[in-house]
Amino acid sequence: MSVLVYAEHDNASLKGVTLNTVAAAQAIGGDITVLVAGAGCGAVAEEAAKIAGVAKVLVADDAAYEHQLAENVADLVAEVGKGYSHILAPATTSGKNFLPRVAALLDVQMVSEISAVVNATTFQRPIYAGNAIATVESSQETNVLTVRGTSFDPVAAEGGSAEVENLSVSKDAGVSSFVGEELAKSDRPELTAAKVVISGGRGMQNGDNFEMLYKVADKLGAAVGASRAAVDAGFVPNDMQVGQTGKIVAPQLYVAVGISGAIQHLAGMKDSKVIVAINKDEEAPIFQVADYGLVADLFEAVPELEKLV
Amino acid sequence: MKVLVAVKRVVDYNVKVRVAADHSGVDLTNVKMAMNPFCEIAVEEAVRLKEKGVATEIVAVAVGPKEAQEQIRTALALGADRGILVEAADVQPLGVAKLLKAIVDEEKPELVILGKQAIDGDNNQTGQMLAALTGMGQGTFASEVNVADGSVKVTREIDGGLQTVDLKLPAVVTTDLRLNEPRYASLPNIMKAKKKPLDMKSPGDFGVDVTPLVKTVKVEPPAERQAGIKVADVAELVDKLKNEAKVI
Ligand SMILES: Cc1cc2nc3c(=O)[nH]c(=O)nc-3n(C[C@H](O)[C@H](O)[C@H](O)COP(=O)(O)OP(=O)(O)OC[C@H]3O[C@@H](n4cnc5c(N)ncnc54)[C@H](O)[C@@H]3O)c2cc1C
Ligand SMILES: Cc1cc2nc3c(=O)[nH]c(=O)nc-3n(C[C@H](O)[C@H](O)[C@H](O)COP(=O)(O)OP(=O)(O)OC[C@H]3O[C@@H](n4cnc5c(N)ncnc54)[C@H](O)[C@@H]3O)c2cc1C
């Protein structure tokens, strides 16, 4: 068996979720190769070579891969990935974008967002917003999988000394081009990797009131998330949405403020270790999954919380 | 410009599904079914393109059981011009993408709009696979779509924020939640939709093999979380978090 893991990065540094994906590769077994595709991504390749358990790093450094355009990346991964028994990518918006394209190019049915490895060909994945867990078997020539990062503990970032090989492939599929991006800038930890997450819902009433959550977050070193209702209402940007169709988080502590607890929201946070709910409606479904529930007006409770933590 | 939209029949998003007692799947007997919410957004976007004079014809396609005619009729009531149902059960995304590719080859649309994910399988694959099979560019997780001069600019919701790409037409777009707010079908339009053409097909008509490649071994309920306790005030909450749960 041989596993190809696609590294997630921003051309400057490796994203932590790559380490969780390597952990899934280890659970599958066999030699692990990491593919770094980007532009000016030499530092990322060096980082990847140090990951514990990685045998080899392949680097495709070319302008065609700078913005991770799915059309270009998929052609590369389908080409490079042919000899491997498994191709893995993190289930981020990047992995979800290009990996199904790779699978179709290889005429393979992909398995999305695995949450556990049973054996090299059998995997678990949540379906129906996490209301059911399917065990699926994929014994295709190449098994193409995205990996839910929060379900696998990351491997050590240091300790390995993999050989680095530069690939001389460069292909621009010629059907898409990058126009621009607006990336959220924040000094807070990344939502999917944070140990503590505080999320606000429709109950926050407006974007300015999220300041209350930012203050608590900064005292706890927490990331701030939101429900879909809060994003749809324009309180906060889309990258903060937690849930079935947003980000999946599983921190040590998740605090839901003014969030009712719809199944689509729960799908994104119910694997958190400890859940706290602050809601003025004692019947809110969020209390059914909360370890600690506080029935209170958030406009009184949150400022007090900020003082006491 | 012709636009193809894919609409999938799924369990209504308000239904909390239960795993079947024999663990073969989920129990869908007497459960309310509906159009996948992301597909409603896809139909709405196509209809808006038609209202702007960009699209000239909208073809709604579903792969599913005979009952999926209901979802095609819904799309027709919302403004699609005609429908195609490929009757087949439990087709996996690669199979759906192959059927859509065969239809794209016949219909030659300039734009294909799909949902980013179906809320039953939660796969998030079909649009990307269709783009691969047709060699088209893909604008997934779209929150804004602008067609002009033989290309389409798509703003995409990504983990770090928003990204905009430019795709040559024909292209594939998959919808995210913020692309638009779908309208409701009016009664007169529901009546009119009954008269619009709906073609029934089978995978064999397209020579596509839709045998599943991934086998479902079993389906189980997730580990249940127990409800915890209610605390009286913020002071008690902070005390519990510090001294009992030890998470802050
Ligand atoms: C296809 C689809 C996908 C979806 N994906 C997601 C997703 O990924 N993530 C997601 O979150 N949702 C998702 N949803 C939406 C989901 O169904 C709910 O609509 C949404 O989660 C509700 O957000 P909310 O809890 O903030 O709002 P509400 O349900 O309106 O709840 C607001 C809560 O705030 C409380 N409140 C109000 N004022 C105060 C106050 N002063 N003090 C204390 N409490 C107060 C209220 O009691 C109430 O419980 C999706 C829906 C669909 C159809
Ligand atoms: C255990 C289990 C049991 C299942 N049981 C059933 C069942 O009884 N009945 C059933 O129908 N499915 C069932 N499925 C689901 C079925 O296998 C998946 O729906 C299929 O794999 C497609 O995945 P998806 O819809 O999540 O695709 P996604 O890639 O998430 O879909 C994205 C978009 O592609 C388009 N699309 C996808 N499929 C279709 C389609 N069929 N027609 C038109 N457009 C489409 C839509 O625009 C959709 O928004 C089951 C799945 C599992 C795991």
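We name chains A, B, ... by the order of the sequence lines, and we start the count at 1 in each one.
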Under 4.5 Å, counting heavy-atom pairs only, tell me which of A:L220, A:D75, A:D232 racks up the most with chain B. A:D232

Heavy-atom closest contact (A:S112 atom, B:Q125 atom, distance): OG-NE2, 2.7 Å

For the interface with chain B, which of A:E190, A:Q140, A:K307 has the highest count of heavy-atom pairs at distances below 4.5 Å? A:Q140

Please flag which part of A:Q124 lies under 4.5 Å from any non-hydrogen atom of chain B: side chain, backbone, both or neither. side chain

Scored by heavy-atom pairs under 4.5 Å with chain A, the best of B:V238, B:V217, B:V234 is B:V234

A:T122 side chain to A:N119 main-chain N or O, any donor-acceptor pair under 3.5 Å? no

So is B:K230 actually on top of A:F287's ring, under 6.0 Å and inside 45° of the axis? yes

Just give me the residue among A:P237, A:S138, A:S186, A:A290 that pairs up with chain B most often, heavy atom to heavy atom, under 4.5 Å. A:A290

Most contacts with chain A, counted as non-hydrogen pairs under 4.5 angstrom, among B:T140, B:V17, B:L177: B:L177

In terms of heavy-atom proximity below 4.5 Å to chain A, should B:A97 be classed as side chain, backbone, both, or neither? neither

Scored by heavy-atom pairs under 4.5 Å with chain B, the best of A:N238, A:D271, A:L253 is A:N238

Not counting sequence neighbours, which residues clear side chain to side chain donor-acceptor pair (under 3.5 Å) with B:D239? List them please. B:N243

If you tally heavy-atom pairs under 4.5 Å between each of A:L191, A:V118, A:I278, A:V276 and chain B, the highest tally belongs to A:V276

Pick from B:K240, B:E181, B:R178: which one has the most heavy-atom pairs with chain A under 4.5 Å? B:R178

Between atom NZ of B:K2 and atom CD of B:E107, what is the distance when rounded to the nearest 0.5 Å? 4.0 Å

Answer with side chain, backbone, both or neither: which region of B:L237 has an atom nearer than 4.5 Å to a non-hydrogen atom of chain A? side chain

According to the interplanar angle, ranging from 0 to 90°, do the rings of A:Y254 and A:H265 count as parallel (below 30°), tilted (30 to 60°) or perpendicular (above 60°)? tilted

Which answer fits A:E71, side chain, backbone, both or neither, if we ask what part of it has an atom under 4.5 Å from a heavy atom of chain B? side chain

What residue, out of A:D10, A:V274, A:N143, has the most heavy-atom pairs lying under 4.5 Å from chain B? A:V274

Without swapping roles, check the side chain of B:D176 against the backbone of B:L179 for a donor-acceptor pair under 3.5 Å. no

Side chain from CB out, backbone as N, CA, C, O: work out which of these in B:A223 comes under 4.5 Å of a heavy atom of chain A, or both, or neither. neither

Quick check on the interface: out of B:Q138, B:K153, B:E244, who has the most heavy-atom pairs with chain A under 4.5 Å? B:Q138

Per-residue tally against chain A (heavy atom, under 4.5 Å) across B:E236, B:R156, B:E157 peaks at B:E157

Any donor-acceptor pair under 3.5 Å linking the side chain of A:D297 with the backbone of A:K280? no

Ignoring hydrogens and angles, tell me if any N or O in the side chain of B:E44 forms a donor-acceptor pair with the backbone of B:R183 under 3.5 Å. yes

As an exercise: rank B:N14, B:V19, B:L241, B:V11 by heavy-atom pairs under 4.5 Å with chain A and give me the winner. B:L241

Bottom line for A:K273: the part with an atom under 4.5 Å from chain B's heavy atoms is both

Residues 165-172 of chain B side chain polar contacts: donor-acceptor under 3.5 Å, at least two apart:
unit_1	atom_1	unit_2	atom_2	d
B:D166	OD1	B:S151	OG	3.2
B:K168	NZ	A:G174	O	2.9

